[in-house]
Undergrad: 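First, the structure itself, so that you have it in front of you.
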Amino acid sequence: MISTVIPLLNEEGNLELLHQKLTAALTQLNQPYEIIFINDGSTDNSPQILEALFERDPAVRVIHFHQNFGKTAGLVAGFRHSRGDVIITLDADLQDDPAEIPKLLAKLEEGYDLVAAWRHDRQDPIDKTWPSKIFNRVVSKFSQLNLHDFNCGFKVYRRAVTEQIPLYSDFHRFVPVLAAGKGFRITEEKVQHHPRYSGVSKYGAGRAIRGFLDFITVLFLTTYLKHPLRLFGTIGLLTFGLGTLIELYLAGLWLLRVAAGFDIGPIGTRPLFLVGILAMILGIQLFSTGLLGEMLRYFTFRPEQEYTIKKILEREETNPRVPVVN
Ligand code: UDP
Ligand code: MG
């Protein structure tokens with residue numbers, strides 16, 4: 001089965017046509033499918049339209065949120081309630097073209113776990129496309145995952161991916177990074193992109209700073225989370241060591257001068273003295289942060305977070321607890 005997951009907020013002008021185009025694309029695949037709409041607290045007519053679609057089409061499922069929780073929450077709910085082995089996500093505003101679905105699915109069949117659509121000819125205003133270009137370059141550089149377009153809502157996934165990546169806050173922008181961090185195979189495929197069919201964009205300028213902070217979190221989660229003390233402890237020890245050296249140097253200098261009969265005054269007034277003290281305190285704080293990180297990991301330990309399984313070979317009757325005795 002194929003599940004289509006569509007988070008939406010106030011998209012009344014798009015839903016009918018989206019449903020039509022999706023149905024046309026999905027029926028061509030000759031496979032069972034479902035279309036899951038997640039109404040993320042819409043205040044327009046979207047809920048009524050979704051309910052009418054539900055009455056008409058047995059393939060449609062609708063999840064109404066109590067209020068607006070954001071696109072990421074919509075995706076999470078859609079993933080959890082989906083039944084397909086393959087999951088397709090797309091935006092509700094018809095910027096993503098359902099006719100491109102077969103192309104993405106074909107790419108997935110080549111052995112990938114996640115195929116991200118690449119809007120190579122993006123139809124958005126310049127205040128969106130330019131920040132997005134920078135965003136993609138930076139994320140690509142730091143995550144060592146070479147994609148041109150991380151944040152497109154149009155993607156196809158194997159179920160294992162949607163079940164095993166932790167998504168919260170606005171992490172929908174970093175799904176490929178999080179999936180790559182778990183060892184999944186990721187690629188991209190060029191698609192047609194269209195201007196928004198009806199309604200207005202839900203994302204304004206505020207997303208730049210939020211996106212940046214989320215990215216720091218994601219980088220941290222995918223790279224350093226496993227050993228917080230190794231990162232913070234190392235920097236902490238180095239900083240503390242530097243501070244200690246500075247103070248030892250000052251103390252040594254002072255003793256030498258006093259021994260030589262100079263009256264040089266207290267070392268406490270030298271700027272270097274303060275730098276050394278600051279470095280020592282900072283070092284201890286960094287080290288403690290690492291320790292706290294380790295404690296958090298210990299107390300929130302969940303085995304399934306430690307690995308992702310690609311495949312298990314085993315027999316039905318296998319029971320490792322009972323040794324075979326002849
Ligand atoms: N969306 C949502 N919840 C939100 C904001 C957006 O479900 O809080 C949906 C929106 O309805 C659309 C998709 O996320 O289906 C992408 O939003 P939008 O088209 O406004 O973003 P843009 O393409 O302008 O970046
Ligand atoms: Mg859009």
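We count ligands from 1, going down the list as the structure has it; atoms in each ligand are counted the same way. One-based numbering along the sequence shown. What you are looking at is a predicted structure, and each value in this text was computed from that prediction instead of being measured.
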Undergrad: Could you check whether Asp113 pairs with Arg185 (Lys NZ or Arg NE/NH1/NH2 to Asp/Glu carboxylate O, under 4.0 Å)?
TA: no

Undergrad: Under 4.0 Å between a Lys/Arg side-chain N and an Asp/Glu carboxylate O for Glu11 and Arg196?
TA: yes

Undergrad: Under a 3.5 Å cutoff, is there a donor and acceptor pairing between the side chains of His193 and Asp121?
TA: no

Undergrad: Less than 2.8 Å away from the Mg ion (ligand 2), how many protein N/O/S atoms can be counted, ignoring water?
TA: 2

Undergrad: Do the non-hydrogen side-chain atoms of Leu53 and Phe37 ever get within less than 4.5 Å of each other?
TA: yes

Undergrad: Is there a side-chain contact between Leu231 and Phe220 (heavy atoms, below 4.5 Å)?
TA: yes

Undergrad: Under a 4.5 Å cut-off applied to non-hydrogen side-chain atoms, are Asp170 and Lys71 in contact?
TA: no

Undergrad: Do any N or O atoms from the side chain of Asp40 and from the backbone of Phe69 form a donor-acceptor pair under 3.5 angstrom?
TA: yes

Undergrad: Counting only heavy atoms and a distance below 4.0 Å, can you name the residues contacting ligand 1?
TA: Pro7, Leu8, Leu9, Glu11, Asp40, Asn68, Gly70, Lys71, Asp91, Ala92, Asp93, Gln95, Lys128, Arg196, Ser201, Lys202, Tyr203

Undergrad: Is the shortest side-chain N to carboxylate O distance from Arg56 to Glu16 below 4.0 Å?
TA: yes

Undergrad: So, Glu306 and Arg297, do they make that salt bridge, N to O below 4.0 Å?
TA: yes

